[in-house]
Amino acid sequence: MVKHLVEQVLARTLDRCVAEGLLPPGPFEIGLEAPKQAAHGDFSSNIAMTLSRRALGALEGKPRDLAKAIADRVVDPDGIVAKVEIAGPGFLNVRLSADVWPRALGEVLAQGAAFGTSNVGAGRRVMVEFVSANPTGPMHVGHGRGAVVGDVCASLLTAAGYQVVREYYVNDAGRQVAALAHSVYQRLREHCGVGAAELGPDDYPGAYVADVARAMATEWGDARARSIAAQPFSENAGLLQTTAVNLVLDTMIKPTLSHFGIRFDHWFFESKLHREHEVERAIAELDRRGFIAVEVLPPPKGMEPSVEESATPGVPLKIFKSTHFGDDADRPLANAAGVYTYFAGDVAYHWDKLQRGFDRLVNVWGADHGGYVKRVQFAVEALSGKKGQPEVVLTQMVNLLKDGVPLRMGKRSGNFVELQEVIDEVGADAARIWFIQRRHDAAVDFDLAKAKEQSNDNPVFYVQYGHARLASILRKAAEQGVAAPRFDLETARALTLPEETDLLKRILAYPELVAGAATALEPHRVVFFLTETIGAFHSYYTKYKHTERVIGPDAKKTAARLLLCLALKQVLANALALCGVSAPEAMARAEMEQA
RNA sequence: GGACCUUUAGCUCAGUUGGAUAGAGCGUCGGACUACGAAUCCGAAGGCCGCAGGUUCGAAUCCUGCAAGGUCCGCCA
């Protein structure tokens with residue numbers, strides 16, 4: 001917010017330079033950053049360096065001279081800027097007048113829980129599709145990472161002024177759910193006592209399948225369940241499949257998501273695409289635009305022979321001409337039997353998304369779908385002309401460890417670690433922070449022991465402790481009869497220590513951080529903001545605990561510092577809320593000596 | 001054979017979209033509570049930013065090539 005004021009000053013100054021014939025007409029991009037070193041001012045701009053090439057007359061190609069010319073012409077009607085210095089190859093180092101910070105503190109406090117929101121999204125509509133785990137069993141840890149990354153991206157986008165829809169794509173068509181239905185049917189026979197379960201190689205061995213069968217029997221009642229179990233599978237395949245999928249969603253996936261603090265606005269079922277012939281319509285649209293052909297595809301190059309065996313060489317298939325957009329190969333939409341591929345469903349799904357009028361599509365996928373991004377983007381481009389949509393956030397692998405020892409996870413062996421177990425073990429707050437504390441494009445180690453530890457290895461406790469500490473100070477002040485802090489400029493001017501100004505600057509950088517994290521779809525930035533900000537406070541607190549305490553003899557300083565604590569607590573709470581993590585007013589002390 | 005991701009301190013990782021002397025936590029060593037929460041803080045040591053070129057006032061950041069590690073590569077979902 002302060003940065004924006006400086007930008008305005010520079011923009012007006014550049015306009016004046018144009019008017020005076022020093023620069024050609026704009027627009028200009030105004031680079032402005034908060035320098036690492038205090039000696040470089042409150043803000044630093046590189047405009048003289050980037051514009052010197054375009055400068056007119058004697059200033060052309062001379063960044064330092066241009067910087068001097070700009071500094072001499074500062075247009076600052078509101079008196080924000082105290083001093084502009086020229087440094088290095090042509091940096092403009094701007095020092096602000098002392099009142100800027102206390103004034104801004106008032107605005108932070110006035111905005112309260114809304115502080116940090118902005119309107120860079122300008123109300124544009126964006127869909128974030130995430131999790132979308134197959135409804136064939138409980139969620140595992142990999143889904144957990146995608147869940148939190150997607151959820152926090154959606155929250156970031158909301159805070160940045162987008163209109164956001166959170167959507168879960170349910171793959172309730174195809175072979176895997178058919179296999180689930182068959183497995184549940186077998187367990188149902190066992191449960192109803194009409195026969196032993198006969199599980200084939202394609203069936204799901206996991207113990208949860210029996211749970212689903214039991215729930216199914218409860219839902220249907222014994223008589224009906226037994227009658228269906230006694231009939232051949234094919235008699236009730238559709239019913240079994242629909243019921244099994246819904247039970248998995250209702251008893252496994254939705255409860256876990258709920259424990260994780262995640263809610264979806266919309267559940268989109270793949271079966272709907274087929275039922276309402278959306279797949280045909282999407283393919284027809286591609287055809288109309290000239291991107292459909294029937295071809296014999298060459299066998300994949302350099303692959304294992306076993307893959308080639310299972311293909312059907314020589315049979316022409318209906319394909320999407322994705323090579324037209326630069327893909328390595330054209331992509332089949334139906335197999336030799338004419339059954340639509342998963343890709344055909346996804347084309348239809350994204351066609352559906354487009355028709356719902358979103359400006360941005362964001363998909364959070366696991367890294368194992370990485371090879372899939374291009375073809376979907378090409379399909380969207382073919383259907384709409386939009387390049388680079390959907391924007392795909394690929395979350396890399398999660399390696400689950402316990403005390404540094406990897407926990408082996410077999411994909412279909414049924415012994416993978418469920419997300420629910422992890423949440424039960426370490427708590428939703430710790431798990432959420434753990435999943436977003438690293439860039440999404442790097443693999444992450446999730447150590448169950450460390451995530452539970454109350455240490456600096458584990459940012460959630462560090463930050464929550466800081467929030468509780470601020471709350472405690474404010475409580476203490478009230479207990480000691482200090483008047484509840486109310487903002488006025490005169491009081492806020494008492495914040496004169498360099499660490500206090502530094503803390504104010506950190507607070508004021510928050511809205512820009514949120515906006516940046518939203519456009520880049522990078523939740524981890526919020527976690528780093530949290531640990532750095534509260535770390536700066538801890539440091540300030542300890543440094544002055546014997547000299548300039550928050551609650552001290554000087555009433556005015558005390559009031560000012562309480563205002564600072566209030567603003568800090570607010571910004572921490574806001575950032576934690578963005579991450580979906582609680583901001584406790586107090587924390588129970590750990591019993592360190594025991595154990 | 002190909003696609004995507006990663007490579008920064010002993011370890012785990014940031015690095016504000018190309019800026020000034022590359023940062024943090026852990027670990028190691030040494031320190032700080034009779035007063036607002038020591039779940040904290042301070043200091044020291046620790047670097048060929050994988051390698052080699054290129055782009056420019058300026059590169060950990062951008063482009064090319066190479067190397068190492070990870071993930072993926074049905075006409076499955």
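Quick note on labels: first sequence line is chain A, next is B, and so on, each numbered from 1. For the numbers below, each heavy atom of this structure counts, side chains included, while hydrogens, waters and symmetry mates do not.
- Under the ring-ring contact (aromatic ring centres under 6.0 Å, His included) criterion, A/His440 pairs with no residue, sequence neighbours left out.
- Distance A/Arg331 CZ to B/G2 C1': 11 Å, rounded to the nearest Å.
- Nucleic acid contact class of A/Tyr462 (heavy atoms, under 4.0 Å, all strands): sugar-phosphate only.
- Checking A/Gln176 against A/Tyr342 by side-chain atom types alone, no donor-acceptor pair falls below 3.5 Å.
- What separates CG of A/Asn399 from C1' of B/U71 is a distance of 11 Å, to the nearest Å.
- Within 4.0 Å (heavy atoms only), A/Thr341 reaches sugar-phosphate atoms of the nucleic acid but no base atom.
- Partner of A/Val514 under the side-chain contact (heavy atoms from CB on, under 4.5 Å) criterion, chosen from A/Val526, A/Val120, A/Leu578: A/Leu578.
- Residue contacts for A/Arg175: at a heavy-atom cut-off of 4.0 Å it reaches the sugar-phosphate backbone alone, with no base atom in range.
- Listed by chain and residue number, nothing satisfies the ring-ring contact (aromatic ring centres under 6.0 Å, His included) test with A/His40 (two or more places apart in sequence, or in another chain).
- Counting only distance, with no hydrogens or angles, the side chain of A/Ser45 and the backbone of A/Gly31 share a donor-acceptor pair below 3.5 Å.
- Nucleotides B/U6 and B/A14 place their C1' atoms 15 Å apart, quoted to the nearest Å.
- Checked against ring-ring contact (aromatic ring centres under 6.0 Å, His included), A/Phe269 has no partners two or more places apart in sequence or in another chain.
- In this structure, A/Ala586 reaches the bases: a heavy-atom distance under 4.0 Å links it to at least one base atom across the strands shown.
- Atom CZ of A/Phe343 is separated from atom P of B/A77 by 12 Å (rounded to the nearest Å).
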### Task
Classify every nucleotide of nucleotides 14-24 of chain B by which part a protein heavy atom approaches to under 4.0 Å, writing B for the base, S for the sugar-phosphate alone and - for neither, in 5'-to-3' order.
SSBB-BBB---

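- The backbone N or O of A/His524 lies less than 3.5 Å from no partner atom in the side chain of A/Arg439, so there is not a single donor-acceptor pair.
- The distance between atom CG of A/Leu333 and atom P of B/C76, rounded to the nearest whole Å, is 12 Å.
- No donor-acceptor distance shorter than 3.5 angstrom exists from the side chain of A/Arg469 to the backbone of A/His538, with no hydrogens or angles considered.
- Note: A/Phe537 and A/Tyr540 have tilted aromatic rings, judged against thresholds of 30 and 60 degrees for the angle between ring planes.
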Taking only nitrogen or oxygen atoms into account, show me every contact under 3.5 Å that the protein makes with nucleotides 42-46 of chain B, one pair per line with its distance.
{"unit_1": "B/C42", "atom_1": "OP1", "unit_2": "A/Ser539", "atom_2": "OG", "d": "2.8"}

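- Between A/Asp328 and A/Arg375, the one whose closest nucleotide on RNA chain B sits nearer the 5' end is A/Asp328.
- Secondary structure note: stems in RNA chain B built from 3 or more consecutive Watson-Crick or G-U wobble pairs under 3.5 Å occupy B:1-7 with B:67-73, B:10-13 with B:23-26, B:28-32 with B:40-44, B:50-54 with B:62-66.
- When the C1' atom of B/C76 is taken as reference, atom CG of A/Asn335 falls 10 Å away, rounded to whole Å.
- Between the C1' atoms of B/U55 and B/G30, the separation comes to 48 Å (whole Å).
- Taking atom C1' on both B/U7 and B/A44, the two are 29 Å apart, rounded to the nearest angstrom.
- Regarding A/Tyr540, its OH atom lies at a distance of 15 Å from the C1' atom of B/C41, rounded to whole Å.
- Distance from the side chain of A/Pro332 is smallest for B/C75 among the nucleotides B/G37, B/C75, B/A77.
- Counting to the nearest Å, the P atom of B/U6 and the CG atom of A/Asp445 are 16 Å from each other.
- For the C1' atom pair drawn from B/G15 and B/G23, the interatomic distance equals 7 Å after rounding to whole Å.
- Straight-line distance from the NE2 atom of A/His538 to the P atom of B/G37: 12 Å, rounded to whole Å.
- Map A/Ile551 and A/Val339 each onto its nearest nucleotide of RNA chain B; the residue landing nearer the 5' end is A/Ile551.
- The shortest non-hydrogen separation linking A/Lys272 to A/Asp352 is NZ-OD2, 4.4 Å.
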